[in-house]
Amino acid sequence: MKTLTDEELMELIVGGNLDMMRHLFQRYHIKIYNFCWQMTKDKDLSKDITQEVFYKVIKHRKTYRQNKFSSWIYAIARNLCKDHYKILNKTERLNDKNLKDTYSINDNRSEPLGNISQLNFALDQLSNSDRELIVMGKYQGLKYYEIAKITDSTLGAVKTKMHRAMQKLKDSYFLKTKHHEL
Amino acid sequence: MNCKDIVNLINDYKYNNLDYTNKTLVEEHLKSCSSCTQIHQEFIHLIDTINQVQEELPDKDLELNFNAMLAKEKLALKTSKSIAFKPKKKVLKSILQVAATILLMISCYVLGSYKDRASKAKEIAFLKQEKTEMQTVATLSLIDNESASKRLQAVSYAKDIAQPNNEILSVLIAKMKNDKHTNVRLAATNALAKFAKNTMVRQALIKALKTEENANMQIELIQILVDIEEKQVIPSMEKLLQNKETPNYIKDHIKLELKQII
Amino acid sequence: MKNKIFTTFALLIITATAFAQDYSMSLKGITKVIISSETTIVVKPHDSITFLMKASENYRNPNAEKSKGLKKISGSGDDNTNYGVEVIKEGTLLIVKGLRERRASNLVIHLPKNMNISVESLANNEIYIDGFSAEVETINHHGETLLANINGPIVAENGNGNITVIFSTLNQLYPMSIVADNGDIDIRMPQDASATIISKTPRGEFYSDFDIEVINESSIQKNKRSVKGKINKGGVEISIQNLKGNIYLRQLK
């Protein structure tokens, strides 16, 4: 079973073999969860959204059309995160509790954590659409054409937006460093 | 080509996304322009930092909830009536919580006596059905879990169902026949003992004894079948007595049990 | 000539140090470690989220010189660790297989305290697991098993040989089960631990210094050798079944 492609599994699921959903869950739940986590910085919420994503995949399986499954599931996750922003604006997103959550230091990791918390800070300065692009493209390694499909955009537009977003991220990342050095 | 154009290309340069001409252009430019080199360095540093971000792992209840939801959807598909399962704001926290709420509701109904008897009985019947449904879902979602503890939990849910459907009985029979851990097989066998009046279960128990090789399982099966006075168990027991590979202490036990049933 | 000797010597040192490195692997994304081996297995906790085999505890290869530069060809798996052990990631599982050549020695593995563990010892060897607070599953076909300083949940099976389980506290989340064919089951738990015990000893005896409040239940087998009872008002269900040996359930003092 494990050698079937996502799309083949989805075909079986549409045909009524819901058990195949387990394989797709195994393949995607950590990615989707991390996408939500980077977008919301709220663990419980990310869990809820991830759960909701898979519920939607099952519920709307009949509307799935031969597309690339990964683009489809990311599009669902993205829309759910978006719904969430409509309710919660950005200032609320970064309340104290979440800040602590986000920048808490995990003792078991050996990387220079200063950089990562700075990166988190810089990422949070971006608009939702810029952040989304960077999380998908650079954190999760999706290809430009996949992102274009997910965001319902063109390859060229994604490229341009990505460059701009990366520029902004870099600027706010290094601005922060300079402040530290002063 | 000016610095602005180069900066636009640097991103792709880092990912080797440039064609040969542009790549050479960027490389040539970087050699001579210190400000672009710095930008390039900064991007490399940024990308390296991004690559250091580790994946977060969700709590295990995400998977449990998913399994519960999947089981519920399968059930809905089977009975082909769509059960409203869509969670409102927060996605359901845990099957157990729901089950606990239902139990609480049952006790409330039993205690409170403001309703007339007939409708109360009806409500309770409905709630009982709900509870069975929840236990069924919980069993099915955990029975094939990687964790042996969770499989034991699934069996224990199943055992508590007053009138299990055939799907539950079939998964218990499957677990009795096959699981990595004898512990889980014994638990499933024990749960089945409770439903031994069911013909399918009874036949499965008799059949299992014929092929069973694990001594603990053999004794358990014999015990159950002797307890329900199932005469069909006798030939299997006699066969075990004749088998040279059966250890003596098991033979002694079988002889003892045979006296009870004959 | 002198030079040649020196070079060989240097080479030897390099090989020795290359082999003597600890083998460690990140357990990021791993929820359970499944170990099987034909040797005695020792699992100890440590404070890092890694799978670790220490050279000082594991390294032994008397044929290192002879086989230098050659790759071991084996039908039973690939030694990808230089310790005679094969380690494979499979989704959220880490599968560890001790290969056959380790038959005469111990396999010592360090894991984080809260990692779920499943251990199977295939023949004539012991399992020692000490100080873990997550799910522990063991199957020992022939040999002794010792699970010390654990909280459960546990699922343990012993073919031939004694099994000793020492609970420091009793996790109430999932039912537990301990099964043996031949040999004794010895369980120790804190005096104030709450549990519901179901014990079966078809050919042995059940001894305990706990106050066990026996429950008469119709579904319990008519056979007098089955007992179901509550300890400290009842709690997590622990099934203990021993075909031939005895069961000892003691207060931890």
Side-chain angles (χ1 to χ4, degrees), chain A residues 16-19 21-22 25-26 29-34 36-38 43-52 54-56 58-59 61 106 108-116 118-120 122-123 134-135 137-141 144 159-160 162-167 169-171 173-174 177, chain B residues 4-5 7-15 17 38-78 80 82 84-93 140-141 144-146:
Chain A
N17 189 348
L18 293 191
D19 274 320
M21 200 59 218
R22 285 182 211 282
F25 180 80
Q26 287 309 333
H29 79 280
I30 293 178
K31 285 188 199 165
I32 296 293
Y33 175 80
N34 275 275
C36 299
W37 161 243
Q38 290 300 343
K43 285 184 181 170
D44 283 337
L45 183 69
S46 302
K47 224 162 60 185
D48 288 351
I49 295 178
T50 309
Q51 169 86 2
E52 182 84 9
F54 284 95
Y55 174 78
K56 289 213 154 164
I58 294 180
K59 234 9 197 199
R61 58 183 184 273
N106 192 331
N108 300 311
R109 297 178 182 177
S110 53
E111 303 92 333
L113 280 149
N115 289 345
I116 288 183
Q118 229 158 277
L119 176 68
N120 281 330
L123 194 65
I134 288 173
V135 171
K138 308 295 176 194
Y139 280 66
Q140 307 224 307
Y144 285 168
K159 264 191 181 176
T160 318
M162 181 73 87
H163 285 179
R164 274 192 217 135
M166 280 299 279
Q167 200 80 41
L169 181 70
K170 180 180 76 74
D171 287 349
Y173 178 86
F174 282 99
T177 317
Chain B
K4 208 183 153 205
D5 295 327
V7 166
N8 277 335
L9 289 174
I10 278 177
N11 236 317
D12 281 333
Y13 174 69
K14 164 82 186 149
Y15 282 99
N17 278 343
Q38 198 198 333
I39 291 172
H40 181 225
Q41 292 297 333
E42 285 178 356
F43 267 120
I44 288 177
H45 180 91
L46 181 65
I47 297 283
D48 280 350
T49 312
I50 289 178
N51 288 337
Q52 279 171 25
V53 175
Q54 297 203 354
E55 260 185 348
E56 287 287 325
L57 284 185
D59 297 346
K60 280 177 199 151
D61 57 339
L62 177 62
E63 187 165 354
L64 287 184
N65 287 339
F66 167 78
N67 285 334
M69 174 191 73
L70 187 63
K72 185 97 188 176
E73 285 302 317
K74 274 164 66 185
L75 209 67
L77 191 68
K78 232 170 225 168
S80 67
S82 129
F85 193 69
K86 187 167 190 283
K88 291 271 156 50
K89 268 263 171 228
K90 283 262 165 189
V91 181
L92 86 163
K93 275 289 170 208
L140 295 177
S141 70
D144 286 319
N145 197 289
E146 167 61 36

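Naming convention: chains lettered A, B, ... in sequence-line order (proteins, then strands); numbering from 1 in each chain.
- Heavy atoms closer than 4.5 Å to chain B are found nowhere in A/Gln140, neither backbone nor side chain.
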Query - Audit row: B/Glu63, A/Gln26, side-chain hydrogen bond (donor to acceptor under 3.5 Å, both in side chains) steps and yes/no - result: CA-CA 9 Å; B/Glu63 187 165 354; A/Gln26 287 309 333; 2.9 Å; yes
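- Heavy atoms only, all atoms of each residue included: A/Cys36 and A/Thr50 are closest at SG-OG1, 4.2 Å.
- In this structure, B/Phe66 and A/Met21 have side chains that are in contact, with non-hydrogen atoms separated by less than 4.5 Å.
- Ion pairing of B/Glu55 with A/Lys31 is absent here, as no side-chain N (NZ or NE/NH1/NH2) approaches a carboxylate O to less than 4.0 Å.
- Proximity to chain B involves both the backbone and the side chain of A/Tyr139, based on heavy atoms less than 4.5 angstrom apart.
- Of the residues considered (A/Asp19, A/Thr160, A/Ile134), A/Asp19 shows the highest number of contacts with chain B, using heavy-atom pairs under 4.5 Å.
- Heavy atoms closer than 4.5 Å to chain B are found in both the backbone and the side chain of A/Leu18.
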